[in-house]
*Asks:* 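Okay, here's the structure, questions in a sec.
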Amino acid sequence: MDFRNCLFGISIIVFLGCSSRQTGLQFEQKVLYQIVPQIIDSEFPDTSEGFMLKKTVDGSSVWMKETSANTIIGILDSVYEFDQKFYKKYINLHFSNHDLKLAKLNSAKAYKLDISKIKKSKNYYYQYLSEIPDSKIRWKRKKEFYLMGLVGFSRIYFDKERKNGVLDFTMSCGQQCGMTALVYLKNENGDWKVDEIESIIEE
C-alpha cells in the first residue's frame with residue numbers, strides 16, 4: 001500500500017469515528033431536550049392560579065396573591081460531566097432487576113446547553129444562569145422578575161440498547177432550599193419518559 005492509499009484509509013477511519021461520536025451526542029441532546037421540561041414540571045409548582053408576593057402596604061409588609069408575573073427558571077449554561085463512579089451504588093441498586101450496563105455514547109465531557117430547544121412550560125420562562133442577577137438580589141422575588149429556581153443537568157448515560165438512561169439533576173429553589181437527584185429514564189415506544197427521580201443524600 002503506497003503512502004497516499006494509507007493516508008486515505010486513515011482519513012476514512014478518523015471520519016467514521018468522529019461521525020459516530022457526533023451522532024451519539026446528537027441522540028443524547030435530543031433525549032435531554034425532551035425530558036428537561038418533564039423534570040422541571042415535576043419539581044416546581046404550577047403557578048397558573050397565582051402565587052404569593054410580599055408587598056408593602058401602609059408601611060407594613062404583607063403577603064398578597066399575584067395572578068401574573070415574569071416567572072423564571074434559571075438553567076446552568078452547560079451540561080456537565082456525569083460522575084459515574086460516585087453514583088455507581090445508586091445506579092446498581094436501581095437497575096438490580098435488569099441485566100444491563102450503562103455506557104456513554106461519546107467521550108466529550110461538558111457542552112453548551114441550547115435552551116431555545118427546550119419546550120417552554122406555560123408557567124415559566126427559561127434563562128441561562130449566567131444571565132441571572134447575583135445571589136444577593138436574585139431571590140428578592142418581584143412581579144417583574146420572579147425566580148422560581150435554578151437547575152443544572154449532567155450528561156446522560158444510556159444502556160447499550162438505548163432503552164434506559166440516567167443523569168444527575170441539581171436544583172435550588174431559594175437560599176436554603178435545594179437538592180441533588182438522579183433522574184432515571186426509560187424509552188416507551190420511542191418516547192423518553194422520566195421513570196423516577198431519586199433524591200441523593202451525601203453521606
*Asks:* Provide the closest heavy-atom pair for Ile197 versus Ser42 in the form atom of the first, atom of the second, distance.
*Replies:* CD1-OG, 3.4 Å

*Asks:* So, do Arg155 and Leu25 sit near enough that their side-chain heavy atoms are less than 4.5 Å apart?
*Replies:* yes

*Asks:* Rounded to the nearest 0.5 Å, how far apart are CG of Leu32 and CD of Gln34?
*Replies:*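 If we round to the nearest 0.5 Å, Leu32:CG and Gln34:CD are 10.5 Å apart.
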
*Asks:* Show the numbers, then the answer: is there a side-chain contact (heavy atoms from CB on, under 4.5 Å) between Ile75 and Leu113?
*Replies:* CA-CA 9 Å; Ile75 301 181; Leu113 187 72; 3.3 Å; yes

*Asks:* Quick one: which residue pairs count as a disulfide (SG to SG under 2.5 Å) with a foot in residues 34-97, not counting sequence neighbours?
*Replies:*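 For residues 34-97: none.
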
*Asks:* For Phe153, enumerate each residue passing the ring pair (Phe, Tyr, Trp, His ring centres under 6.0 Å) test, keeping only those at least two apart in sequence or located in another chain.
*Replies:*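 Applying ring pair (Phe, Tyr, Trp, His ring centres under 6.0 Å) to Phe153 gives Phe169.
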
*Asks:* With sequence neighbours excluded, give me every salt bridge (Lys or Arg N to Asp or Glu O under 4.0 Å) pair touching residues 132-145.
*Replies:*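 Applying salt bridge (Lys or Arg N to Asp or Glu O under 4.0 Å) to every pair that reaches into residues 132-145, excluding sequence neighbours, yields Glu66-Lys143.
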
*Asks:* Would you confirm whether Gln26, through its side chain, and Lys30, through its main-chain N or O, come within 3.5 Å as a donor-acceptor pair?
*Replies:*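 Not a single qualifying donor-acceptor pair exists.
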
*Asks:* Could you list all the salt bridge (Lys or Arg N to Asp or Glu O under 4.0 Å) pairs where at least one residue sits in residues 171-190, not counting sequence neighbours?
*Replies:*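 Of all non-adjacent pairs touching residues 171-190, those that pass salt bridge (Lys or Arg N to Asp or Glu O under 4.0 Å) are Lys186-Glu188, Lys186-Asp195.
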
*Asks:* Only counting residues at least two apart or in another chain, list the ones meeting ring pair (Phe, Tyr, Trp, His ring centres under 6.0 Å) with Tyr124.
*Replies:* none

*Asks:* Among Val166, Asn164, Asn187, Val31, exactly one meets side chain to side chain contact (heavy atoms under 4.5 Å, CB included) together with Phe158. Which residue is that?
*Replies:*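 For Phe158, the side chain to side chain contact (heavy atoms under 4.5 Å, CB included) check succeeds only for Val31.
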
*Asks:* Roughly how far, to the nearest 0.5 Å, is the NZ atom of Lys85 from the CD1 atom of Ile91?
*Replies:* 14.0 Å

*Asks:* Output all residues satisfying side chain to side chain donor-acceptor pair (under 3.5 Å) with Glu43, sequence neighbours left out; order by chain, then residue number.
*Replies:* none

*Asks:* Rounded to the nearest 0.5 Å, what's the gap from CD on Gln84 to OG on Ser154? Could you check?
*Replies:*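 Rounded to the nearest 0.5 Å, the CD-OG separation comes to 11.0 Å.
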
*Asks:* Listed by chain and number, what are the side chain to side chain contact (heavy atoms under 4.5 Å, CB included) partners of Asn92, not counting sequence neighbours?
*Replies:*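 Residues passing side chain to side chain contact (heavy atoms under 4.5 Å, CB included) with Asn92: Lys88.
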
*Asks:* Among Val183, Ile118, Leu167, which residue satisfies the side chain to side chain contact (heavy atoms under 4.5 Å, CB included) criterion with Val36?
*Replies:*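 Exactly one candidate clears the test, Ile118.
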
*Asks:* For Tyr87, what residues pass the side chain to side chain donor-acceptor pair (under 3.5 Å) criterion, not counting sequence neighbours?
*Replies:* Asp168

*Asks:* What pair of heavy atoms forms the shortest contact from Tyr126 to Ile115, and how long is it?
*Replies:*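 Smallest heavy-atom distance, with atoms named: O-CD1, 3.8 Å.
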
*Asks:* I need the Asp159 CG to Leu185 CG distance, nearest 0.5 Å.
*Replies:*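 Interatomic distance, Asp159 CG to Leu185 CG, rounded to 0.5 Å: 10.5 Å.
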
*Asks:* Might you work through the side-chain contact (heavy atoms from CB on, under 4.5 Å) test for Phe44 and Met171, ending with a clear yes or no?
*Replies:* CA-CA 10 Å; Phe44 290 96; Met171 179 188 78; 3.6 Å; yes

*Asks:* Suppose the criterion is disulfide (SG to SG under 2.5 Å): which pairs have a residue in residues 126-200, not counting sequence neighbours?
*Replies:*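 Every disulfide (SG to SG under 2.5 Å) pair that includes a residue of residues 126-200, provided the two are not neighbours, is Cys173-Cys177.
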
*Asks:* Quick one: pull up CD in Gln38 and NZ in Lys119 and give me the separation to the nearest 0.5 Å.
*Replies:*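 One finds 10.0 Å between CD of Gln38 and NZ of Lys119.
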
*Asks:* Can any side-chain N or O of Glu28 pair as donor or acceptor with the backbone N or O of Ile156 at less than 3.5 Å?
*Replies:* yes

*Asks:* Using the ring of each side chain (for Trp, its six-membered ring), is Tyr157 parallel, tilted or perpendicular to Phe82, with breaks at 30° and 60°?
*Replies:* tilted

*Asks:* I'd like to check the side chain to side chain contact (heavy atoms under 4.5 Å, CB included) partners of Lys112; sequence neighbours left out, ordered by chain and number.
*Replies:*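 Lys112 satisfies side chain to side chain contact (heavy atoms under 4.5 Å, CB included) with Asp77, Ser78, Tyr128 once adjacent residues are dropped.
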
*Asks:* When Ile, Leu, Val, Met, Phe, Trp and Tyr are grouped by side-chain heavy atoms lying under 4.5 Å apart, directly or through other members, which residues fall in the same group as Tyr125?
*Replies:*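 Other cluster members: Ile72, Leu76, Tyr80, Leu129, Ile132, Trp139, Phe145, Leu147, Leu150.
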
*Asks:* Working note: Tyr184 + Glu198, criterion side-chain hydrogen bond (donor to acceptor under 3.5 Å, both in side chains); need CA distance, chi angles, decisive distance, verdict.
*Replies:* CA-CA 8 Å; Tyr184 299 99; Glu198 178 184 11; 2.7 Å; yes

*Asks:* Go through the structure and list residues passing side chain to side chain contact (heavy atoms under 4.5 Å, CB included) with Asp46, not counting sequence neighbours.
*Replies:* Ser48, Asn123

*Asks:* Where do Tyr111 and Gln29 land on the side-chain contact (heavy atoms from CB on, under 4.5 Å) test, with the steps shown first?
*Replies:* CA-CA 10 Å; Tyr111 65 83; Gln29 290 173 330; 3.4 Å; yes

